[in-house]
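Beneath this line is the structure, given in structure tokens, with notes to follow.
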Amino acid sequence: NLQYGECEDELCEVERLFGIQILRWEDLDLKNDLESVMALTSCLDHVVSVGTAIGSIAPALGVSTILLTLRNWMLLSQESKYPWFDCVKLLVAVSGESVASQLKNVPKLLNAQ
């Protein structure tokens, strides 16, 4: 988990729904220690993110990133290629759906990489 702020309930729900374990670094200040966040992120094989700071930090470090998002101006009318970083794979929610609806597609993209 690289999300700062209180998100423990959501993490537990995702672990339960998908039968996975999400690692947490209790000794790392994810909000105020960006140097350590970047060091940790650079050691990861993949990052799955929504439109938060980590969604830009990871690809800026060259880390393979899956970005779950709604259609927005940052995509520059793209849906299959992220215009800002080549190492980003997009999962764009269709109109009327939440970004979370794309979570089911993450394993397929991870297995393809």
Side-chain angles (χ1 to χ4, degrees):
N1 173 47
L2 297 171
Q3 177 61 41
Y4 64 85
E6 182 51 49
C7 58
E8 188 62 25
D9 290 344
E10 290 90 346
L11 294 173
C12 290
E13 182 179 355
V14 168
E15 288 177 324
R16 182 184 59 76
L17 286 172
F18 293 97
I20 61 172
Q21 178 187 11
I22 298 174
L23 300 177
R24 297 151 175 84
W25 291 270
E26 303 295 335
D27 59 334
L28 180 60
D29 183 346
L30 294 168
K31 186 173 184 176
N32 297 305
D33 186 0
L34 291 180
E35 183 176 356
S36 294
V37 169
M38 287 187 222
L40 171 62
T41 303
S42 70
C43 295
L44 300 175
D45 294 324
H46 307 284
V47 168
V48 178
S49 184
V50 293
T52 64
I54 202 64
S56 294
I57 290 171
L61 295 169
V63 177
S64 170
T65 303
I66 297 174
L67 182 64
L68 293 83
T69 186
L70 298 171
R71 286 185 182 92
N72 64 70
W73 71 269
M74 286 188 62
L75 301 180
L76 301 179
S77 299
Q78 300 289 317
E79 287 196 25
S80 60
K81 183 177 181 333
Y82 193 61
W84 309 107
F85 298 103
D86 288 336
C87 61
V88 172
K89 302 291 184 208
L90 289 174
L91 287 174
V92 180
V94 298
S95 181
E97 287 190 348
S98 70
V99 171
S101 69
Q102 291 300 309
L103 280 171
K104 66 185 180 293
N105 297 315
V106 170
K108 180 175 29 177
L109 283 181
L110 286 174
N111 290 330
Q113 295 183 8

Quiz item: Between Leu103 and Val94, is there a shared hydrophobic cluster once you connect ILVMFWY residues whose side-chain heavy atoms come closer than 4.5 Å?
Solution: no

Practice problem: Grab the two heavy atoms, one from Arg24 and one from Ile22, that are nearest each other, plus how far apart they are. | Solution: NH1-O, 2.6 Å

Quiz prompt | Closest approach of Ala93 to Ser98 (non-hydrogen atoms, all atoms of both residues) | solution = CB-O, 3.5 Å

Quiz item: Hey, is the main chain of Thr69 close enough, under 3.5 Å, to the side chain of Gln102 for a donor-acceptor pair?
Solution: no

Exercise. For the residue pair Leu91 and Val48, establish whether any side-chain heavy-atom pair is separated by less than 4.5 Å.
Key: no

Self-check item: Heavy-atom neighbours of Glu35 CD exceed 12 at 6.0 Å
Solution: no

Exercise. Answer yes or no: are there more than 12 heavy-atom neighbours, outside Lys104 itself, under 6.0 Å from its atom NZ?
Key: yes

Practice problem: To the nearest 0.5 Å, tell me how far Thr65 OG1 sits from Phe85 CZ. | Solution: 8.5 Å

Quiz item: Roughly how far, to the nearest 0.5 Å, is NZ of Lys89 from NZ of Lys81?
Solution: 9.0 Å

Self-check item: Separation of Glu8 CD from Glu13 CD (nearest 0.5 Å)
Solution: 12.0 Å

Quiz item: Residues sharing Tyr4's hydrophobic cluster, by side-chain heavy-atom contacts under 4.5 Å among ILVMFWY, directly or via others?
Solution: Leu2, Leu23, Trp25, Leu28, Leu30, Leu34, Val37, Met38, Leu40, Leu44, Val47, Ile54, Ile57, Leu61, Val63

Self-check item: Glu97 to Leu70 - nearest heavy-atom pair and separation
Solution: O-CD2, 3.7 Å

